[in-house]
Amino acid sequence: MAVVGFDLGFQNCYIAVVKSGGIETVANEFTDRCTPAVVSFGPKNRFVGNAAKNQAITNPASTVCNFKRLHGRLFEDAVVQAERANLPYDLAPLCDGRVSAKIPSFFTDSERRSVLDAAKIAGLNCLRLMNDTSAVALSYGIYKQDLPDPEEKPRIVFFVDMGHSAFQVSACAFNKGKLKVLSTAFDPYLGGRDFDQRLVEHFCAEFKSKYKLDVKSRVRALLRLQQECEKLKKLMSSNSTDIPLNIECFMDDKDVSGKMNRYWSQAKFEELCADLIERVTVPLVAALEQAQVQLQDINAVEIVGGATRIPAVKAQISKFFRRDVSTTLNADEAVARGCALQCA
Ligand code: ATP
Ligand code: MG
């Protein structure tokens, strides 16, 4: 019987399987190893993953995305109410007060919101729910042949993960066959989407003055702008030149354009996000203090999660630890691979 590990991300999911002595991250029907965490409800069909993401703009009210934070919470929960403001679909309380996504008609399983319930719906026998940081540490430990013997001084590794919604840090001590988590720290409100949002706000203001368009008054336009801003953010990670943003027939048949640059010329991404970049340090300080280790005792700082590809985020982590960060692990797939290992 095959055992698989899941990374249920806020934005993306990955699935890894242990097979003939190795771990493999499996591809979906689009031969893509990354599957968007999106479910879309059409009049007759339910779409999942890439197919659902394609509906995000044409069918926003019935396309459920960004729902990881809602699992198992009450509708009145402050977290739910904060998330609600950013969602293109409606939320509603169930009779027991838990939150549900309000989707037209046939969605009869709307009560079954928690992750374990979702696993059951998919016909999966969930062996264990793991948190992301433990899974990442496991995937690291398994490949390191040169860990110190049990009686020796452990190797201290910090794992820093910035995903789409959250930022988490853990400090771990490794010996051969032994892994101890020394500390963990989080900023649950700092992730790639906050960087996207800064770009969105910037272009909303620019398009208002340049084209007299009120982008926020139209949900489709806003969603398109969000998608374009995320692409722009990713492009800026590998280019330091000006990156154009062009959207045709954006609103009222108008084409719009703008540009952004990482750190120079008129529009500066790093300036727009300066406070977000500063906030990266806070959980790092907390994790270091709790772990009771000195900077010079740390053997490696491993980064994972898509948003650690933002050069300023990476630089901030590196500056704090006063060393280059390592990317031994697959930034996107490490969680799923660790989960697979745990249960193998
Ligand atoms: P979370 O861990 O918060 O639950 P997640 O696991 O779904 O979310 P990841 O898949 O680790 O998140 O990362 C997704 C984020 O990484 C998105 O914000 C995405 O835009 C960002 N990202 C991916 N590639 C890049 C890149 N090259 N440059 C900048 N950001 C990137
Ligand atoms: Mg993640």
Side-chain angles (χ1 to χ4, degrees), residues 5-16 25 28 32-39 49-50 52-53 56 64-71 79 82-83 86 115 118 129-137 139 159-170 184-200 223 225-240 243 260-263 269-270 272-273 276-277 279-280 283 302-317 325 327 329-339:
F6 283 84
D7 173 4
L8 297 175
F10 189 88
Q11 188 182 46
N12 299 306
C13 300
Y14 294 86
I15 305 175
T25 306
N28 61 23
D32 195 344
R33 301 203 290 193
C34 165
T35 299
V38 184
V39 183
N50 304 56
K53 195 177 175 190
V64 186
C65 55
N66 297 353
F67 52 79
K68 177 168 151 175
R69 287 291 172 71
L70 308 177
H71 278 295
V79 172
E83 291 291 341
N86 302 316
V115 173
L129 274 182
M130 276 179 91
N131 65 42
D132 314 38
T133 44
S134 318
V136 168
S139 16
F159 296 96
V160 184
D161 176 357
M162 190 184 284
H164 193 53
S165 69
F167 181 53
Q168 37 194 331
V169 189
S170 67
T184 51
F186 306 87
D187 184 337
Y189 302 104
L190 180 63
R193 66 171 173 172
D194 299 297
F195 291 81
D196 299 345
Q197 197 52 34
R198 290 296 162 88
L199 293 172
V200 169
L223 288 169
L225 182 60
Q226 275 166 351
Q227 284 190 353
E228 291 305 317
C229 285
E230 186 180 7
K231 278 189 213 155
L232 177 68
K233 173 189 73 175
K234 290 183 181 175
L235 283 170
M236 279 191 288
S237 295
S238 43
N239 294 280
S240 52
I243 311 285
M260 179 63 57
N261 189 289
R262 227 147 79 187
Y263 39 63
F269 179 56
E270 292 183 2
L272 291 177
C273 301
L276 300 178
I277 294 161
R279 273 168 57 194
V280 165
E302 291 285 339
I303 55 167
V304 292
T308 57
R309 295 194 180 98
I310 299 172
V313 168
K314 200 167 155 184
Q316 188 76 358
I317 299 166
V325 293
T327 48
L329 295 166
N330 181 316
D332 301 311
E333 301 169 14
V335 174
R337 295 165 75 90
C339 289

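Numbering of ligands and ligand atoms starts at 1, following listing order. Quick note: numbers below take in every heavy atom, side chains included, and nothing from hydrogens, waters or symmetry partners.
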Would you say [X] has any N or O atom under 3.5 Å from an N or O of ligand 1, going by distance alone?
X	result
N12	yes
D132	no
A166	yes

Side chain, backbone, both or neither: which applies to [X] and ligand 1 if a contact is any heavy-atom pair less than 4.0 Å apart?
X	answer
K68	side chain
S165	both
E230	side chain

### Any donor-acceptor pair under 3.5 Å from R337 side chain to S139 backbone
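A pair under 3.5 Å: no.
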### Query
Quick check: does any side chain N or O of K68 sit under 3.5 Å from a backbone N or O of A37, one acting as donor and the other as acceptor?
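Between the backbone of A37 and the side chain of K68 there is no qualifying donor-acceptor contact (under 3.5 Å).
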Shortest protein contact, [atom] (heavy atom only):
atom	value
atom 28 (N) of ligand 1	S237 OG, 2.6 Å
atom 27 (N) of ligand 1	R309 CD, 3.5 Å
atom 18 (O) of ligand 1	H164 ND1, 2.5 Å
atom 14 (C) of ligand 1	Q11 OE1, 3.2 Å
atom 6 (O) of ligand 1	G9 CA, 3.7 Å
atom 11 (O) of ligand 1	G306 N, 3.0 Å
atom 23 (C) of ligand 1	K234 CE, 3.5 Å
atom 2 (O) of ligand 1	G163 CA, 3.6 Å

Could you tell me which atoms of ligand 1, counted from 1 in the order shown, lie closer than 4.0 angstrom to a heavy atom of [X]?
X	result
G192	18 (O)
I310	29 (C), 30 (N)
G305	11 (O)

### Message
Less than 3.5 Å apart, any donor N or O on the side chain of N28 or N50 sitting next to an acceptor on the other?
### Response
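Judged by distance alone, the side chains do pair up.
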### Task
Scan side-chain atoms only and decide if T25 and E333 contain a donor-acceptor pair under the 3.5 Å cut-off.
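Short answer, yes.
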### Query
Hey, is A307 one of the residues with a heavy atom under 4.0 angstrom from ligand 1?
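It does; at least one heavy atom falls under 4.0 Å.
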### Message
Under 4.0 Å, counting heavy atoms only: does D332 come that close to any atom of ligand 1?
### Response
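D332: no contact with ligand 1 (<4.0 Å).
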Check whether any side-chain heavy atom of [X] sits under 4.5 Å from a side-chain heavy atom of [Y], and report yes or no.
X	Y	value
F269	I243	no
M236	F195	no
H164	N12	no
R193	F10	yes

### Query
In Å and rounded to the nearest 0.5 Å, what is the SG to CZ distance from C273 to R262?
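C273 atom SG to R262 atom CZ measures 12.5 Å (nearest 0.5 Å).
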### Task
Nearest 0.5 Å please: distance from the CG atom of D132 over to the CZ atom of F186.
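Answer rounded to 0.5 Å: 8.5 Å.
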### Query
Going through the checks in order, is the side-chain contact (heavy atoms from CB on, under 4.5 Å) test met by N86 and Q197?
CA-CA 10 Å; N86 302 316; Q197 197 52 34; 5.6 Å; no
### Message
Would V280 and M162 count as a side-chain contact (heavy atoms from CB on, under 4.5 Å) here? Give the steps.
### Response
CA-CA 9 Å; V280 165; M162 190 184 284; 3.8 Å; yes
